[in-house]
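Structure first, commentary second.
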Amino acid sequence: MKIKNLKFKIKPRYFPQEIEPYWQKVWKEQGIYKFSPASHKASRGKYYNLVELPYPSGDLHFGHWFSFVPADAHARYKRMSGFNVFFPNGFDAFGLPAENAAIKRGVHPKDWTMKNIENMTKQFGTMGTMIDWNFTAITCLPEYYRWNQWIFLKMFEKGIAYRGKALSNWCPVDQTVLANEHIENGCCWRCGAEVIQKEVEQWFLKITDYADKLIWSENSRVVDRQPRFSNDARSSFPKKQSQTRSLSESLSSNFKNKPNKSATAFNSSQSELTPSDQNNQSSINNQQSAVDWPKEVREGQNNWIGRSEGMLLEFKIGEAKASIEVFTTRPETTDGATFLVVAPEHEFVTSLLNIKDKISNIKYKGILEYVGGAKKKTEMERKEDRTKSGIFSGAYVKNPVTGKDIPVWVSDYVLAGYGTGAIMAVPYADERDREFAEKFDLPITETKFNAKPKGKKRVNYHLRDWSVSRQRYWGTPIPIIYCHNCWESKLKIKNEKLKIEYGRTYIEMDGQEYAMVQVPLEDLPIELPYDVDYTPKGKPPLGTDEEWLNVKCPKCGGPAKRDAETLDTFFDSAWYYYRYVSPKYEKGPFDKLRVKELLPVDVYFGGAEHTVGHTLYARFFTKFFKDLGLVPFDEFASKRVQHGVILGPDGNRMSKSRGNVVSPDEVVKEYGTDASRLYLCFMMPYEATAPWSTSAISGIYRFLKRVWDLQYEIKNKKLNIKNGLSKEDLSQMHIAIKKVGEDLENFHFNTAVAALMTWLNFLSAKKEIAKEEYETFLKLLSPFAPHITEELWHSLNPSDNSIHLESWPKFDSKYLVADKVSVVVQINGKVRDSIKIKNQKSKIKSYVEEEARKSGKVKRYLEGKEIKKVIYVEGRIINFVI
RNA sequence: GGGCGAGUGGCGGAACGGUAUACGCGAUAGUCUCAAAAACUAUUGACCGUAAAGGUCUUGAGAGUUCGAAUCUCUCCUCGCCCACCA
């Protein structure tokens, strides 16, 4: 494709503000970044380059630039290397900020969001990326969330989506659940009432069903994110035992924590993943077997899932038939259990308070007070308060091993949501239990670690089921209808057994019984009504819209009610990268064939904050889709790359309240897009966190000006464009080609730019420069600075294609070696001299040794000394041990 | 408390068993200029040598392995991120 309408008048001064918008417009008109799914058959294969989709907060900030720009440079490099690169983007458009803004400023969440999307899309334009916006997803549009609802119904059918109860932040005055960010100092942000923890019924996704599948096994491919040292032992599995044990470990684990025998199970087979030179890159693409996620993510997720195997033990209450069930990972210590501790929310405590006449009044008050206090504690307060607190319940249970009666205590150091909400305390063996025992003067008896109590084996997870319903307006409506008539007519009788049997599709609300009826797939989407009072009113906003709420039951036609809650936005973002491949697809959430063609994602860029949130949910959805037969692979992304953070110039996180926000718009206005892009790539390693530096970007700007001036001089014949290249010229060029390419391949953007600077320093110092050098330089720079390179490319070759359609230059190893190598001479490991040796002769140790001995400095050190040993590393170093 | 990671010039960082401080910023001196900015040139880890030559030290602290360690091992210190009473 030829680019027409070229103006190639050479301007003496680099003026990015003029050329950048020009080329952005030309690229758009010419469609040079259009992705065609079919064309990868002719190329080296597809390459799905994905960046976490942004939330449309209003303005693009440097956080966005830092996620997208290096990712774009990588994508451009991949494209020039012959891959059919798919680089889409969209917006994660539902969520609380829109509602907050709406309440604060009186703008409708939808209008606010869509306006932000429009603005940010424009701002994306100035970033100069190769994103193809024909493939996109905006999650707040019915054409997208329709498929959220579809997926939700599939999950409901499979029993993955269910109604359950969990503790939530509750405002007793507003009668509503509160988000953490809506709690200020333990009080509701609107009415100021004290927030309590309350059991609230809500929708859950049974992610725990997939817990085992989500654990990264030791057998999964483990590669350092940036495999610089392919045969280095450091990239093998960690020797220290992490908190979460792997499956095999857990099976064989015992209380004494045997050393992990499988620690050395693998550490080889990495060479093929070492980034590739130009000839073997394609082999790792599109193969599910090569899953390469950073260690910190894999271990973070495994710890979060927290699989532990143990036992359920029953402790009988006195002589009664009732008992308290505890979960323990160390049943062999049961002989040392001297008391039980239950969570304040435990049903034993609740029932205790219901039969208050059986215990003394004072005691009852104390327990009631303690439980009430615990419920008031927000998560933050519990974190701050590290001293153990608790109260004796007045009850005793029988230790099943010793037969002794032991007291039952209530304490909030036991969590209601984990295990059974009750533990047996073994103060002899457990530090927390000992601390508690010492504080309340409870007995500590030795355990022999060989008790064998009777109980059921049980696997427990730290991971909880995912609560997905929200009492908010700006989200996906849940496609369930509650019908009283269906329940009555279907079952005719009220029968407790049936209720249990049909529990999954039966619900009680406000004293009424309902059947849960799915919205038929053909009725989707259930559109979010526009005119709704979304200010907090004691119930979910959609619950106030009677017209929308009351519907005919799709089953019986009788009066029924919609579910008034909306889905967590993490639901939206758990599968958007599937929608990207076929955004207009009508027959399902995505085109299965297209997905098979383009997924898994080859590289997924994003922030470290999503280690145990978003990326885990996305993996969960993928495994669910696989079970539905929608996708043929287990992992949605073959590689994950996490970036760091750009801080404000003062070293703090950029925030409006600190007044340290650097705006991309202004930096672009002053230095241009290319300088901003290059700066972000250059200033620090991609995964690092470092402050913005205004003076450093002016240095980058200087670099681009020098690139520009090189051209100016060529055109004015100040420099001759010669044809022949010296060996040194060739060597410098091929070193740069190799270094920049490998660094782009491995996400070492900063050193790639440094290599370009080094080569420019070399080129600038020369009297003459070759056209080949100049063109190669522009190509190597083009992924970072697409505008200036395009402009200069066309001023040199006015009728040519876009530089971005050129191929990546190839290096030839034969140019990488210089004529002479310098060999460092060491005496006992200390550098004393450096000698030049002809390349061919550097292979001969005796020759190098002889040359080294000739050096005056070396002579002085060797005089009168006995040489024990001479170590020679070819072409690098010679060490005399004396 | 747990997990993960990081400590290298004045600053961002490079090197990841083989010449530590690449590249950039900043700083100093010079050229140009009425002057400034910009640009260009030179110097720039510390110390001794007031110049040159030369030497000594230096990658958070200490030990170890090695002919050779910023890099590998151990102990300790500091900082960052994530999670947090997980039985």
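Here is the naming used below: chain letters follow the sequence lines, and residue numbers restart at 1 for every chain.
For A:K295 and B:G5, the shortest distance from a side-chain N or O to OP1 or OP2 is below 4.0 Å. Residue A:Y413 places none of its side-chain N or O atoms closer than 4.0 Å to OP1 or OP2 of B:A87. For A:N750, a side-chain nitrogen or oxygen approaches OP1 or OP2 of B:A14 to under 4.0 Å. Between A:K830 and B:C57 there is a side-chain polar atom (N or O) within less than 4.0 angstrom of OP1 or OP2. An OP1 or OP2 oxygen of B:G24 is reached within less than 4.0 angstrom by a side-chain nitrogen or oxygen of A:N761. Between A:R702 and B:G24 there is no side-chain polar atom (N or O) within less than 4.0 angstrom of OP1 or OP2.
A:F436 and A:Y413 have their aromatic ring centers within a separation under 6.0 angstrom. Residues A:F570 and A:Y617 bring their aromatic ring centres within 6.0 Å. In this structure, the ring of A:F339 has its center no less than 6.0 angstrom from the ring center of A:F440.
Of the C1' atoms belonging to B:G3 and B:G55, the separation is 48 Å, rounded to the nearest Å. Rounded to whole Å, the P atom of B:G2 lies 30 Å from the corresponding atom of B:G9. For the C1' atom pair drawn from B:C77 and B:U56, the interatomic distance equals 28 Å after rounding to whole Å. Between B:U8 and B:A70, the two C1' atoms lie 7 Å apart (nearest whole Å). Using atom C1' as the reference point in both B:A63 and B:G54, the two lie 33 Å apart (nearest Å). For the C1' atom pair drawn from B:G24 and B:G17, the interatomic distance equals 28 Å after rounding to whole Å. Here, B:C72 and B:C16 have their P atoms 12 Å apart, quoted to the whole Å. Between B:G30 and B:C23, the two C1' atoms lie 24 Å apart (nearest whole Å).
Among the heavy atoms of the strands, none lies under 4.0 Å from A:A608. Looking at heavy-atom distances under 4.0 Å, A:N460 makes no contact with the nucleic acid at all. Counting non-hydrogen atoms under 4.0 angstrom, A:G699 reaches the backbone sugars and phosphates but no base. Among the protein residues, A:S822 comes within range of the nucleic acid bases, having at least one heavy atom under 4.0 Å from a base atom. Nucleic acid contact for A:V824: base, since at least one base atom lies under 4.0 Å from a heavy atom of the residue. If you check every strand for non-hydrogen atoms under 4.0 Å, A:D433 touches nothing. Residue A:T611 is out of contact with every strand shown, counting any heavy-atom pair closer than 4.0 Å. Here A:V873 lies in heavy-atom contact (under 4.0 Å) with a base. Residue A:P685 is classed as a sugar-phosphate contact, given heavy-atom separations below 4.0 Å to backbone atoms only.
To the nearest angstrom, C1' of B:U66 lies 13 Å from CD1 of A:I877. For the pair A:D430 CG and B:G1 C1', the interatomic distance rounds to 12 Å; values are reported in whole Å. Nucleotide B:A39 holds its P atom 13 Å from the CG atom of A:L704, rounded to whole Å.
Closest to the side chain of A:E299, out of B:G13, B:C4, B:G18, is B:C4. You'll find that the side chain of A:S695 is closest to B:G26, out of B:C23, B:G26, B:U19. Set against B:G13, B:A14, B:A87, the side chain of A:T751 has B:A14 as its closest nucleotide. Picking from B:A87, B:C67, B:C40 the nucleotide with the shortest atom distance to the side chain of A:V414 gives B:A87. Of the candidates B:A87, B:C40, B:A38, the closest approach to any side-chain atom of A:K705 belongs to B:A38.
Between A:E52 and A:R640 there is a salt bridge, since at least one side-chain N of the basic residue sits less than 4.0 Å from a carboxylate O of the acidic one. Ion pairing between a basic and an acidic side chain is recognised when a charged N comes within 4.0 Å of a carboxylate O; A:R307 and A:E309 show such pairing.
Scanning atom types as modelled, one donor and one acceptor separated by under 3.5 angstrom connect the side chain of A:Q826 and the base of B:G18.
Under the Watson-Crick or G-U wobble criterion, with both distances below 3.5 Å, B:U21 is left unpaired in every strand shown. In this structure, B:C57 and B:G45 make a Watson-Crick or G-U wobble pair, each of the two defining distances being under 3.5 angstrom. Partner assigned to B:G62 is B:C74, using Watson-Crick or G-U wobble distances below 3.5 angstrom. Pair check for B:A39 finds B:U31; Watson-Crick or G-U wobble, both atom distances under 3.5 Å. Remark: B:A52 base-pairs with no nucleotide; criterion is Watson-Crick or G-U wobble with both hydrogen-bond distances under 3.5 Å. A 3.5 Å limit on both hydrogen-bonding distances identifies no Watson-Crick or G-U partner for B:G9. Both distances falling under 3.5 Å, in either a Watson-Crick or a G-U wobble arrangement, place B:G80 opposite B:C4. Look at B:A69: it lacks any Watson-Crick or wobble partner with both distances under 3.5 angstrom.
In this model, a donor atom of one side chain and an acceptor atom of the other lie less than 3.5 Å apart for A:D743 and A:T751. A side-chain donor from one of A:S389 and A:Y370 sits under 3.5 Å from a side-chain acceptor of the other.
None of A:W692, A:F703, A:Y701 except one satisfies the ring-ring contact (aromatic ring centres under 6.0 Å, His included) rule with A:Y679; the exception is A:W692.
Comparing A:R464 and A:S834 by the nucleotide of RNA chain B whose heavy atom lies nearest to each, the residue mapping closer to the 5' end is A:S834. Checking A:R876 against A:A688, the closest nucleotide of RNA chain B that is more toward the 5' end is the one next to A:A688.
By the rule that a glycosidic angle within 90° of 0 means syn, B:G26 does not qualify and counts as anti.
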